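Read the structure below first, then the notes.
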Amino acid sequence: MIPPGSIQRAWDNHRFTVRLVNASNKRRFKIIVVGTGLAGASAAATLAELGYEVEVFTFHDTPRRAHSIAAQGGINAAKDYRNDGDSIFRLFYDTIKGGDFRSREANVYRLAQVSNEIIDQATAQGVPFAREYGGLLDNRSFGGAQVSRTFYARGQTGQQLLLGAYQAMMRQVATGKVKLHTRTEMLDVVVEDGVARGIVTRDLLTGAVQSHSAHAVVLATGGYSNAFFLSTNAKASNATAIWRAHKRGAAFANPCFTQIHPTCIPQSDDTQSKLTLMSESLRNDGRIWVPIAVGDDRAPNKIPEDERDYFLERRYPAFGNLVPRDVASRAAKAMIDEDRGVGARRNGVYLDFADAINRLGMDVIRARYGNLFQMYERITGEDPYQVPMRIYPAPHYTMGGLWVDYDLMTTVPGLYAIGEANFSDHGANRLGASALMQGLADGYFVLPVTIGDYLAPMLGQEPLDTGHEAFAAAEAQVSERVHHYLNSEGEHTVDWFHRELGKTLWDACGMARNGPSLEHAMAEIAALHERFKAGVKVLGDDESLNQSLEKAGRVDDFFEVAQLMCRDALHREESCGGHFREEHQTPDGEALRDDDHFAYVAAWEYTGGEPILHKENLTFQHVRPSQRSYA
């Protein structure tokens with residue numbers, strides 16, 4: 001599976017040895033891409049540029065609404081413009097270490113290699129990265145690194161990169177090489193004779209259920225953090241595409257590896273439906289603190305310097321406020337648990353820019369973070385130029401996802417997963433500014449090479465006809481599921497069930513986990529799911545736009561995802577990255593890994609009953625797993 005030879009040459013060697021499709025033959029292959037975020041749009045654009053026939057699906061009214069736009073802070077690359085000691089190997093090492101040594105070396109090294117090509121590609125597309133006085137692209141620091149390697153476009157990096165990928169894809173739509181379907185949701189993968197043959201979709205405006213066939217299917221549909229109900233993800237983000245693929249045979253890897261982001265605006269009331277993320281880039285210049293005294297409810301400007309606890313700087317002097325996300329999140333939780341939280345609900349810590357403003361001036365801070373400060377003020381009514389921001393950790397990125405091999409193919413031949421939809425590169429914790437990097441690496445540079453190895457032997461074969469019984473059976477199952485929701489006459493809405501699920505999942509499988517809580521949560525989630533299936537209230541019909549019906553299917557899947565998350569967390573008797581088992585911690589409260597027993601990828605096979613665990617052992621030839629230290 002992993003190419004032989006040195007890690008530095010593995011990707012180059014692999015590109016030379018994979019089978020290729022002749023340029024004039026590419027037009028004879030059809031590829032389906034589901035999702036139009038950074039991974040999906042970049043893959044669709046590149047595959048079409050190469051000559052493949054591509055069909056793209058998104059449930060949005062335009063691809064530009066993909067959740068990739070919410071990635072604010074930046075994208076990592078190892079160009080070392082700052083001459084501060086960065087390199088491909090250092091980016092590789094920081095990513096492996098940040099993931100607590102729970103990812104494949106070969107995949108992560110390839111990601112670091114490709115990172116520099118991504119910046120060149122995006123710059124050539126016109127992405128307006130910030131620049132220094134001399135004209136070079138500017139960099140800033142991010143958590144988990146001691147070098148400045150994060151390229152950025154103010155606080156709009158994800159949006160600008162998505163616009164670059166979007167315009168590249170729309171160029172191919174205009175030429176006819178890409179067929180774009182909007183307001184269309186994938187509800188099943190069609191697998192015949194063990195091979196992915198296509199997908200079944202539902203038109204969200206008309207309710208029409210249709211089949212689409214292709215030589216290969218690519219899922220680029222993001223993560224499953226919305227299982228928690230309250231998360232930093234857009235409300236429409238869901239796990240249906242990858243979960244339905246899992247139920248068709250694709251193994252699901254490391255589902256308990258979910259990331260808690262430390263810089264979210266704290267929840268303001270119990271009826272809130274979404275949490276808002278503030279970019280991690282703010283930790284470059286903002287200092288995080290809480291009052292030293294328990295229960296101190298004074299305004300921040302009334303608390304003298306010697307009565308403040310800059311707890312990240314105190315505990316981790318080498319990295320300070322730029323420790324990785326999992327470390328910063330647990331430290332903030334510890335402060336809240338000690339009743340040193342701030343704000344009306346005492347559920348936040350301060351992110352203070354007073355020192356940076358005094359040192360650099362208001363104009364510099366406004367140039368770096370102006371749109372983020374404006375967003376914060378609109379949401380909270382507080383001016384962060386005058387008073388510190390209040391932040392608290394929240395569910396964010398999911399490192400788990402469909403298991404893929406080095407070529408990004410799942411355990412179902414012909415079915416690929418890219419970006420956050422796969423488990424591939426981040427281990428147990430993703431370093432900031434690496435999501436955009438992986439999505440674009442997979443879409444622009446990896447998948448377009450590796451998919452040819454699968455397609456080449458199929459030259460001359462036509463995609464399976466959508467009249468085949470495999471498509472008919474999948475369509476019938478989709479329609480049956482839709483009608484079941486509409487015919488239920490339950491007591492509670494979809495949102496009520498989702499909120500209850502989220503509370504249970506957050507309490508048991510959120511920032512901290514322990515055996516008894518996980519066992520209790522699995523039973524509680526299963527019982528709640530049975531109530532959901534027996535009677536969830538879904539109004540309206542299936543022949544027009546019905547968001548309640550859309551959410552019903554997604555929440556149904558979240559129930560099953562949540563149970564697998566808890567099962568995975570229960571079986572992994574160690575702490576690593578974002579997976580923090582209270583039974584396994586150092587005397588200082590840090591994550592305590594068990595490399596002797598858990599240095600593997602946990603890949604779960606769906607059976608309809610008890611899932612089967614398969615283990616991919618991780619070997620480390622180029623880094624030595626050690627206790628993570630950021631002191």
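The figures here come from the full heavy-atom set of this structure, side chains too, leaving out hydrogens, waters and symmetry mates. Quick caveat, the model's predicted, so the values are computed rather than measured.
- Looking at Ile288 and Tyr350, their side chains never come closer than 4.5 Å, going by heavy atoms from C-beta outward.
- Environment of CZ in Arg346: crowded, with over 12 heavy atoms of neighbouring residues, nucleotides or ligands closer than 6.0 Å.
- No donor-acceptor pair closer than 3.5 Å links the side chain of Thr46 to the backbone N or O of Ala43.
- For Glu377, the salt bridge (Lys or Arg N to Asp or Glu O under 4.0 Å) test picks out no residue, with sequence neighbours left out.
- The only member of Arg330, Arg628, Glu313, Arg283 that meets side-chain contact (heavy atoms from CB on, under 4.5 Å) when paired with Val323 is Arg283.
- Remark: Arg140 CZ to Leu282 CG distance equals 8.0 Å, nearest 0.5 Å.
- Ring centroid separation for the pair Phe89 and Phe92 comes in under the 6.0 Å cut-off.
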From CA spacing to verdict: salt bridge (Lys or Arg N to Asp or Glu O under 4.0 Å), Arg149, Asp94
CA-CA 11 Å; Arg149 65 162 66 102; Asp94 286 346; 3.0 Å; yes
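- Between the side chains of Ser141 and Ser148, at least one donor N or O lies within less than 3.5 Å of an accepting N or O.
- Checked by atom type and distance alone, the side chain of Arg154 never pairs as donor or acceptor with a backbone atom of Ala130 at under 3.5 Å.
- A side-chain N or O of Gln259 and one of Asn429 form a donor-acceptor pair less than 3.5 Å apart.
- A donor-acceptor pair shorter than 3.5 Å cannot be found between the side chains of His261 and Thr232.
- In terms of heavy-atom proximity, Trp506 sits nearest to Met511 at CH2-CG, 3.4 Å.
- The side-chain tip of Lys97 points at the ring of Tyr630 from less than 6.0 angstrom away and within 45° of straight on.
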Working for salt bridge (Lys or Arg N to Asp or Glu O under 4.0 Å), residues Arg82 and Glu132:
CA-CA 10 Å; Arg82 290 288 186 90; Glu132 294 179 328; 3.2 Å; yes
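- One side chain, Asn107 or Ser424, offers a donor N or O that lies under 3.5 Å from an acceptor on the other.
- Of the inter-residue distances, the one linking Lys302 atom NZ with Glu307 atom CD reads 13.0 Å to the nearest 0.5 angstrom.
- Look at Asp100 and Arg102 and you find no salt bridge, because none of the NZ, NE, NH1 or NH2 atoms lies under 4.0 Å from a carboxylate O.
- Not a single donor-acceptor pair under 3.5 Å links the side chain of Glu338 to the backbone N or O of Arg340.
- Listed for the Ser103 side chain is no donor-acceptor partner under 3.5 Å among the backbone atoms of Gly99.
- Under the 3.5 Å distance criterion, the side-chain polar atoms of Ser115 are matched with a main-chain donor or acceptor of Ala112.
- Atom CG in Asp80 sits 7.5 Å away from atom OG in Ser87 (nearest 0.5 Å).
- A salt bridge does not link Arg513 to Glu582: none of the charged side-chain nitrogens sits closer than 4.0 Å to a carboxylate oxygen.
- When only modelled atom types and interatomic distance are considered, Tyr369 and Gln72 share no side-chain donor-acceptor pair under 3.5 Å.
- Heavy atoms only, all atoms of each residue included: Arg390 and Tyr376 are closest at N-OH, 2.8 Å.
- Listed for the Asn238 side chain is a donor-acceptor partner under 3.5 Å among the backbone atoms of Thr240.
- Pro291 pairs in a side-chain contact (heavy atoms from CB on, under 4.5 Å) with only one of the listed residues (Asp297, Val349, Ile303), which is Ile303.
- Heavy atoms only, all atoms of each residue included: Ala239 and Val561 are closest at CB-CG2, 4.1 Å.
- Ion pairing of Asp296 with Arg308 is absent here, as no side-chain N (NZ or NE/NH1/NH2) approaches a carboxylate O to less than 4.0 Å.
- Although no hydrogens or angles enter the test, the distance criterion places no donor-acceptor pair under 3.5 Å between the side chain of Thr398 and the main chain of Thr258.
- The existence of a salt bridge linking Asp355 and Arg287 is confirmed by a sub-4.0 Å separation between a basic side-chain nitrogen and an acidic carboxylate oxygen.
- Checked by atom type and distance alone, the side chain of Asp425 never pairs as donor or acceptor with a backbone atom of Val108 at under 3.5 Å.
- The two residues Gly37 and Leu162 make their nearest non-hydrogen contact at C-CD1, 3.7 Å.
- Atom CG of Leu275 is separated from atom CD1 of Ile265 by 9.0 Å, given to the nearest 0.5 angstrom.
- Of the inter-residue distances, the one linking Phe373 atom CZ with Phe353 atom CZ reads 4.0 Å to the nearest 0.5 angstrom.
- A donor and an acceptor atom, one from each side chain of Thr150 and Asn76, are located under 3.5 Å apart.
- Between Leu230 and Gln272, the shortest heavy-atom contact is CD2-O, 3.3 Å.
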Under 3.5 Å, which donor-acceptor pairs do the side chains of residues 359-368 form with other protein atoms, sequence neighbours left out?
residue	atom	partner	partner atom	Å
Arg368	NH1	Asp285	OD1	3.4
Arg368	NH1	Asp285	OD2	2.9

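- Residue pairs meeting the ring pair (Phe, Tyr, Trp, His ring centres under 6.0 Å) criterion with at least one partner in residues 130-152, sequence neighbours excluded, are Tyr81-Phe151.
- Taking the side chain as every heavy atom from C-beta outward, Asn233 and Ser225 approach each other to under 4.5 Å.
- Salt bridge annotation for Glu117-Lys79: absent, with no cationic side-chain nitrogen under 4.0 angstrom from a carboxylate oxygen.
- Exactly one residue among His498, Met565, Lys503 makes a side-chain contact (heavy atoms from CB on, under 4.5 Å) with Phe228. That residue is Met565.
- The closest side-chain donor-acceptor pair between Gln627 and Thr586, if any, does not fall under 3.5 angstrom.
- Side chain of Thr58 to backbone of Thr36: no donor-acceptor contact under 3.5 angstrom is found.
- The main-chain N or O of Arg430 is never found under 3.5 Å from a side-chain atom of Ser434 such that the two would form a donor-acceptor pair.
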Does the salt bridge (Lys or Arg N to Asp or Glu O under 4.0 Å) test come out yes or no for Arg315 and Glu590, once each step is laid out?
CA-CA 11 Å; Arg315 293 183 60 177; Glu590 304 294 350; 3.4 Å; yes
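- Both tests pass for Arg554 against the ring of Phe59: distance under 6.0 Å to the centre and angle within 45° of the axis.
- A pairwise comparison of heavy atoms in Tyr385 and Ile357 identifies O-CD1, 3.8 Å as the closest pair.
- Here the two rings, on Tyr397 and His426, have centers that are under 6.0 Å apart.
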Gln438/Asn422 under side chain to side chain donor-acceptor pair (under 3.5 Å): CA gap, chis, key distance, verdict
CA-CA 10 Å; Gln438 188 212 341; Asn422 72 34; 3.0 Å; yes
Does Asp442 form a salt bridge (Lys or Arg N to Asp or Glu O under 4.0 Å) with Arg110? I'd like the steps, not just the answer.
CA-CA 10 Å; Asp442 289 355; Arg110 177 176 65 185; 5.4 Å; no
Please step through side chain to side chain contact (heavy atoms under 4.5 Å, CB included) for the pair Phe129 and Asp138, ending with a clear verdict.
CA-CA 7 Å; Phe129 288 120; Asp138 198 9; over 6 Å; no
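- Taking CG of Leu163 as the start and CD of Gln125 as the end, the distance is 10.5 Å to the nearest 0.5 Å.
- A cation-pi arrangement, defined by a distance under 6.0 Å to the six-membered ring centre and an angle within 45 degrees of its axis, is present between Lys235 and Phe229.
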